Amino acid sequence: MTGDAPARDWAKVPVGISDSARPPCPVHWLVHEQAQKHPETTAVDDLTYCALDAWARDIASTLADLGVASGAAAALQMVPGARQAAAVLGILHAGAHIVPLGPAEPDERCLDVLRETKATVLITAAGTGDDNLAVRWRAQGRAVLELPAEPPVEQNKARTPIGPGTPGDVGPDDTAYIVYTSGTTGRPKGIVHTHRNLAQFALWLSAEFGMGPGRRTAQWAFPHYDAALVEIFSTLVSGGTLCPVPDTMRFDAGALVEWLGLKQVNLLQTVPSFGRELVFAITTRNPAPDLHTLDHLLFAGEAFPEDLARDLARVLPAARLVNLYGTSEVILATWTDIQPGMTGPLPAGRPLPGRLVMVLDEHGRLCPAGVTGEIVVCSPYIARGYLGPTAPHESGFGTMTVSTSNANELPLPCYRTGDVGHWRDDGLLMFDGRRDRQVKLRGVRVEPAEIERALVAHPSVVDCVVTTADNKPGELAQDLVAYVVATPGQGKPEIWRNHLLSTLGPEIIPSYFVSLEHLPRNSGGKVDFAALPAPGLTRSPQSGRAARLQAFLSWTAGLGTPGRSDDRGANPGDKQVLADEGNHIATEPETNRGGTSC
């Protein structure tokens, strides 16, 4: 550690946690050290570590002049880039904590976050000060700081980093950032993470996946997610180079693979469902993109399907494939390398350093291998809790007493994830889905992820998601809907229905299959269930008579099959009505346009 770096409490090793898990100091000081060691190395975009460090300290001084005190909240609404990296570092150097806001989030939600966190300043990009959010925040007598796209000229040309200045009394248990998640209740909840948590995870991720000098990491995550902060700091604490993905390319797999090759990116972190789109883009681009530098692909946020692992290994044979599991409340909890030849559902892996992961039954007892229960994480590196009022039953945070190897009993912070899983005989954790996505379908307990895994195993299916017809997971349901993204010109509902009948029990086959060009996603890359169209309102990719007839015949093929409850099957009179309707569609004028799901 150099200069006046803060030392308060950082030498303490949490009880029961090994030295290897302990961070030496907060992340902004680790980045400052890199600026001293490698001042001319590129940190982010075309900005060197020297210039980034100087810019961050200038921002910290400006924040102090605006009255941002140690322990205050500083909100940031900005797209990824050098300016954003300097801003988050400047906030931490000022002794404040980061509250990231999504650039496209509704103003009302952002104002709720600003009020709940008691933010003293809103930091935005220069030229956006007239935006409605900034105007409304100023109207309440609050400060708004607009940052230019580039640092002051004298800093940009600097050759040696400026001195450490006054770091402030930043301790490991002080707040580093607050991110918001809607969770399962629909009400956004602020998750409070400490400097200890952020530094420990950033150092582990960087060391495990080689994100140091000479390495280039894509910043793919949206800026208001904790994954974006992880991408920033895991890269910069080790001297690597951060490559922010342009907004227009984030979910454009074809453009992204070209960009990854052009930027010579070494590591990309994304979600498995988007990994399918990457595979499709790589295999269909002509000429094929040059991705020889892309040697690490990290996946988190969703279950990792076996067929995706095979496809990725085929198109990127030299890349290390890694599956990570965890919620924002714990940052991440387990990890594993996806090895060639793995078969069956892929594991979530083994615990990260400094984390104790358990699978507990409904009575709080440890589940033996093979028995499904709730995944619970105990660690000094989980979030402190949620900000603001949260009903006890809505919070999974608590304390658990665990036995250590020397027979002592140790109280540790814990978080009940709401996820279900089980241990394999080899000690690896299997993720089995969310409790709140389980449905009771006509008396049968169903996990939609099981149906999704079976459906994507069909060669015509690129991606899919299964939910209830009323899109209310966790409740009683009469019908399931499968939303399917298929290879163009391949696959149709009766084929998918028969495929599922051959692999799953007939009582859990979806009643409806809806074809989509792509699944709607939220800014974190996960499927946006609220944006899925209702089955009866979806237009077929075709139009006109042929589309209506195909959809009608596909839908009627499901009536009376084991995939639907018996009391909704077609009786002989119904069948005659359906036949008459089918004949009507087949003979109607082509100008009568329409579409439906099936």
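Since we're looking at a predicted model, the values are computed, not measured.
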Partners of [X] by side chain to side chain donor-acceptor pair (under 3.5 Å), sequence neighbours excluded?
| X | value |
| --- | --- |
| Ser206 | Ser238 |
| Thr194 | Asn197 |
| His38 | none |

* Is the NZ or CZ atom of Arg57 positioned over Trp29's six-membered ring, under 6.0 angstrom from the centre and within 45° of the axis? -> yes
* Is it possible for you to check whether Arg250 lies under 6.0 Å from the centre of the six-membered ring of Phe222, through NZ or CZ, and within 45° of that ring's axis? => yes
Output all residues satisfying side chain to side chain contact (heavy atoms under 4.5 Å, CB included) with [X], sequence neighbours left out; order by chain, then residue number.
| X | value |
| --- | --- |
| Thr217 | Met211, Thr235, Leu267 |
| Thr117 | Ala73, Val99, Val113, Ala119, Ile178, Tyr180, Leu387 |
| Ala43 | Tyr49, Leu52, Leu236 |
| Arg314 | Val279, Thr283, Asp311 |

Sequence-distant partners of [X], salt bridge (Lys or Arg N to Asp or Glu O under 4.0 Å), two or more places apart:
| X | value |
| --- | --- |
| Asp45 | none |
| Arg416 | Glu374 |
| Arg424 | Asp426 |
| Glu329 | none |

Would you mind writing out the side-chain donor-acceptor pairs for residues 75-90 within the sub-3.5 Å range, not counting sequence neighbours?
{"from": "Gln77", "atom 1": "NE2", "to": "Gly102", "atom 2": "O", "distance (Å)": "3.0"}
{"from": "Arg83", "atom 1": "NH1", "to": "Leu147", "atom 2": "O", "distance (Å)": "2.9"}
{"from": "Gln84", "atom 1": "OE1", "to": "Gln219", "atom 2": "NE2", "distance (Å)": "3.1"}

* Taking only Lys NZ, Arg NE, NH1 and NH2, and the carboxylate oxygens of Asp or Glu, determine whether Arg350 and Asp337 approach each other closer than 4.0 Å. => no
* Do Asp307 and Arg453 meet the salt-bridge criterion of a basic N to acidic O distance under 4.0 Å? -> no
* To do: Examine the side chains of Ser234 and Trp204 and answer whether a donor and an acceptor come within less than 3.5 Å of each other.
  => no
* Asked: side-chain hydrogen bond (donor to acceptor under 3.5 Å, both in side chains) between His193 and Asp226: does it pass, once the steps are laid out?
  -> CA-CA 10 Å; His193 271 290; Asp226 58 337; 5.5 Å; no
Measuring only between side-chain heavy atoms, which start at C-beta, is [X] closer than 4.5 Å to [Y]?
| X | Y | result |
| --- | --- | --- |
| Val245 | Trp259 | yes |
| Asp419 | Thr327 | yes |
| Gln269 | Trp220 | no |

* Structure fact -> Residues Leu321 and Ala313: closest non-hydrogen pair is CD1-N, 4.1 Å
* Structure fact -> Tightest non-hydrogen contact, residues Asp174 and Arg384, listed as C-NH1, 4.1 Å
